[in-house]
Amino acid sequence: MNYLMTKVEMPLIPVIAELEKNGYLIDCGFFTSLRDYLEPEQADILAKIQEIAGLEFNPNSSKQIAKLLYEALSLPIPKKTEKGSPSTDEESLTLLSNENQVVHKILQYKKIAKLLSTYCKFPLEVDYDLRLRPKYNQIGTVTGRLTATNKIQTLPKEDGYGIRNGFIAPPGFKIVAADFDQQELFVLASVSGDQAMLEAISSGVDLHGLVAKKIFDLDCEPNEVKRLHTKKRNQIKAIQFGIIYGRSAQSLAKELSLTVEEAEGLVKAYFKSFPKVEAFIENSHIFAKRNGYIVDVFGRSRVLPDAQRTGRSEFGLLNASLREAQNFPIQAAASTVTKLAMIQCHNHIRESHPQIKMILSLHDELQFEVPDEEVEHFAAELPALMTDLGVESFGFKIPFKVTVTSGQSWGSLAAHQQPSLESAK
DNA sequence: TACTTCGGCCAC
DNA sequence: AAACGTGGCCGAAGTA
């Protein structure tokens, strides 16, 4: 039997069962108060929009918005949807927001509508004990990641109202969260075997800052790049994420307000610094073209029949496949790393901390509900539990890094006091 | 009423 | 026309 089946997926089943049994405690009062605050706001904004557009106008309808903006008001169409209709998404509306006051109001309305329709209904979805119990799907993605119901994986971070504050620990308990730092970049460095990137990561400094310093030849410390050269650091950040996603120079250029040539130059400089990253990407493309599938270091595979297309008219399909081939070995291996960490945490809790509950798994993060008196101890144990995974033979020669935070709610997690790096060694 | 498609938007 | 990978889920509108 192969590794993934015997050491990952099968042992994970009882962990997921626990996760589903535990659920996440909800502060229902928080959400009903927020709803009661937002509903009149929404009604006010709707009234103002309807003054301009007519009484039966519904800003929840993209069709009606398009009709109003592009027909009645004859505003220019910034972009179209996949099917060719004039787009009314946030990006388009923001571009038009100076043209007409109603656009601004529609944007405000959409923000509130999203919160009310999607993120204020948890009180209706909790069980008798006020716990939300998402269902995890172990085979919900092609890459090995978990999927989950109840929007537990898509709670907004910067919504202005602190939605995450409504996800709480009971009295006498704290939420303890553990995140892998830059998990996918660690994976990329490891599976590509790029010595420069591995060293950059091992150094423990801000990775985007360090790479920006290297590529732009900055003369400050890597950890100061974020403050002193924010823009340059953001460019590197976009490039590094772009590599994980197979992003084109063209779309990088658009996001960073650069010319395509400038973006291409940056990517070139990046690859010059990390040659094995470039080779790894090329090899992923070549493998997928040759074989019609791709496989990661743990043996997880994905069929990619479109990678073998050759026709001119199939170029789009081919390229989409090659991006998938490029992303898969990174995202898939990262998902296995998280699953291994889940299994270790679960086993350790079962043996030593019967009061602790695992309550969330979110791609590169795990959360636990921990009795106050055990928080210190468990927080200190977590990094080793999640990083000593026995995966050296799969190419992971440098340890992953984990950051632990804790707090009364998901929205108020704060850095946990950690032992210094020196004493950890 | 039930289901599907579309446009849109939230996360990692 | 766009050109960024993996998803869930919302309301509107159309269809069975």
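- A:K80 places its NZ atom 18 Å from the C1' atom of C:dA3, with the value rounded to the nearest Å.
- Here A:T81 reaches the OP1 or OP2 of B:dG7: one of its side-chain N or O atoms lies under 4.0 Å away.
- The distance between atom CG of A:L155 and atom P of B:dC12, rounded to the nearest whole Å, is 9 Å.
- Shown here is A:K226, whose NZ atom has no more than 12 heavy atoms of other residues, nucleotides or ligands within 6.0 Å.
- More than 12 heavy atoms of other shown residues, nucleotides or ligands fall within 6.0 angstrom of atom NZ in A:K397.
- Taking atom CG of A:L360 as the reference point, atom P of B:dA11 lies 14 Å away to the nearest angstrom.
- In summary, A:K214 and A:E199 do not engage in a salt bridge, as defined by a charged side-chain N under 4.0 Å from a carboxylate O.
- Every pair passing salt bridge (Lys or Arg N to Asp or Glu O under 4.0 Å) that includes a residue from residues 151-168 of chain A is listed here, sequence neighbours excluded: A:E125-A:K151.
- Looking at residues 290-327 of chain A, you'll see that no heavy atom sits under 4.0 Å from any atom of DNA chain B.
- A heavy-atom distance below 4.0 Å to DNA chain C is reached by these residues of residues 246-264 of chain A, ordered by number: A:G246, A:R247, A:S248, A:Q250, A:S251, A:E255.
- If you check residues 53-79 of chain A against DNA chain C, the residues with a heavy atom closer than 4.0 Å are A:N58, A:N60, A:S61, A:K63, A:Q64, A:K79, listed by number.
- Within the structure, every pair that satisfies the salt bridge (Lys or Arg N to Asp or Glu O under 4.0 Å) test and touches residues 92-118 of chain A, not counting sequence neighbours, is listed here: A:E90-A:K111.
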task = Applying side-chain hydrogen bond (donor to acceptor under 3.5 Å, both in side chains), run through A:S92 and A:D89 and close with a yes or a no.
result = CA-CA 5 Å; A:S92 304; A:D89 66 5; 2.9 Å; yes
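- The separation between A:H363 atom NE2 and C:dG8 atom P is 10 Å, rounded to whole Å.
- Set against B:dC12, B:dG7, B:dC10, the side chain of A:E90 has B:dC10 as its closest nucleotide.
- Within the 4.0 angstrom heavy-atom criterion, no nucleotide atom of any strand lies near A:S335.
- Salt bridge A:E184/A:R145: present, at least one basic N to carboxylate O contact under 4.0 Å.
- Taking the six-membered ring for Trp and the full ring otherwise, A:F368 and A:F378 have centroids separated by under 6.0 Å.
- Residues from residues 97-132 of chain A that place a heavy atom under 4.0 Å from any atom of DNA chain C, listed by number: A:S117, A:T118, A:K121.
- Nearest heavy-atom pair, A:Q153 versus A:L362, reported as atom, atom and distance to 0.1 Å: O-CD2, 4.0 Å.
- Residues A:T147 and A:K151 both approach DNA chain C. Their nearest nucleotides, taken by heavy-atom distance, put A:T147 toward the 5′ side.
- In this structure, A:Q331 places its CD atom 13 Å from P of B:dC12, rounding to the nearest Å.
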- Message: Run the side-chain hydrogen bond (donor to acceptor under 3.5 Å, both in side chains) test on A:T403 and A:D179 for me, step by step, so that the C-alpha distance in whole Å, both residues' side-chain angles and the decisive distance to 0.1 Å come before the verdict.
- Response: CA-CA 5 Å; A:T403 299; A:D179 287 63; over 6 Å; no
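- Nucleic acid contact for A:I244: none, since no nucleic acid atom lies under 4.0 Å from a heavy atom of the residue.
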For this session: Let me see the working for A:F30 and A:F122 under ring pair (Phe, Tyr, Trp, His ring centres under 6.0 Å), right down to the final yes or no.
Result: CA-CA 10 Å; A:F30 173 89; A:F122 293 114; 10.0 Å; no
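- To the nearest 0.5 Å, atoms CD (A:Q240) and CG (A:L188) are separated by 8.0 Å.
- In the region residues 133-146 of chain A, proximity to DNA chain C at under 4.0 angstrom, judged on heavy atoms, holds for A:G140, A:T141, A:V142, A:T143, A:R145.
- Distance, A:L185 CG to B:dC12 C1': 13 Å, rounded to whole Å.
- Note that CD1 of A:I243 and CG of A:N327 are 12.5 Å apart. Values are rounded to the nearest 0.5 Å.
- In this structure, A:K48 does not pair ionically with A:E51, as no charged nitrogen and carboxylate oxygen lie closer than 4.0 Å.
- Atom CG in A:L93 sits roughly 15 Å away from atom P in B:dG7 (whole-Å rounding).
- As rounded to the nearest Å, C:dA3 and B:dT5 have P atoms that lie 23 Å from one another.
- Among all heavy-atom pairs drawn from A:V277 and A:S192, the shortest one is CG2-OG, 3.9 Å.
- Qualifying ring pair (Phe, Tyr, Trp, His ring centres under 6.0 Å) partners for A:Y119, counting only residues two or more places apart in sequence or in other chains: none.
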Could you go over nucleotides 2-4 of chain B and give all protein N or O partners under 3.5 Å, atom names and distances?
none

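- Here the closest heavy-atom approach between residue A:C120 and residue A:P123 is recorded as O-CD, 3.7 Å.
- Among the nucleotides C:dG5, B:dA11, B:dG7, the one closest to the side chain of A:R164 is B:dA11.
- Ion pairing between A:E18 and A:K357 fails under the 4.0 Å rule for side-chain N and carboxylate O.
- Sorted pairs that involve residues 264-291 of chain A and meet salt bridge (Lys or Arg N to Asp or Glu O under 4.0 Å), not counting sequence neighbours, are lacking altogether.
- The aromatic rings of A:Y3 and A:F298 lie parallel to each other, their planes meeting at an angle below 30°, with 60° marking the opposite boundary.
- In this view, A:S284 and A:F280, A:I294, A:P329 satisfy the side chain to side chain contact (heavy atoms under 4.5 Å, CB included) rule, not counting sequence neighbours.
- In this structure, A:H208 and A:F241 have tilted ring planes: the angle between them lies in the 30° to 60° band.
- Looking at residues 35-44 of chain A, you'll see that no heavy atom sits under 4.0 Å from any atom of DNA chain B.
- A:N150 has its CG atom 14 Å from the C1' atom of C:dC10, to the nearest Å.
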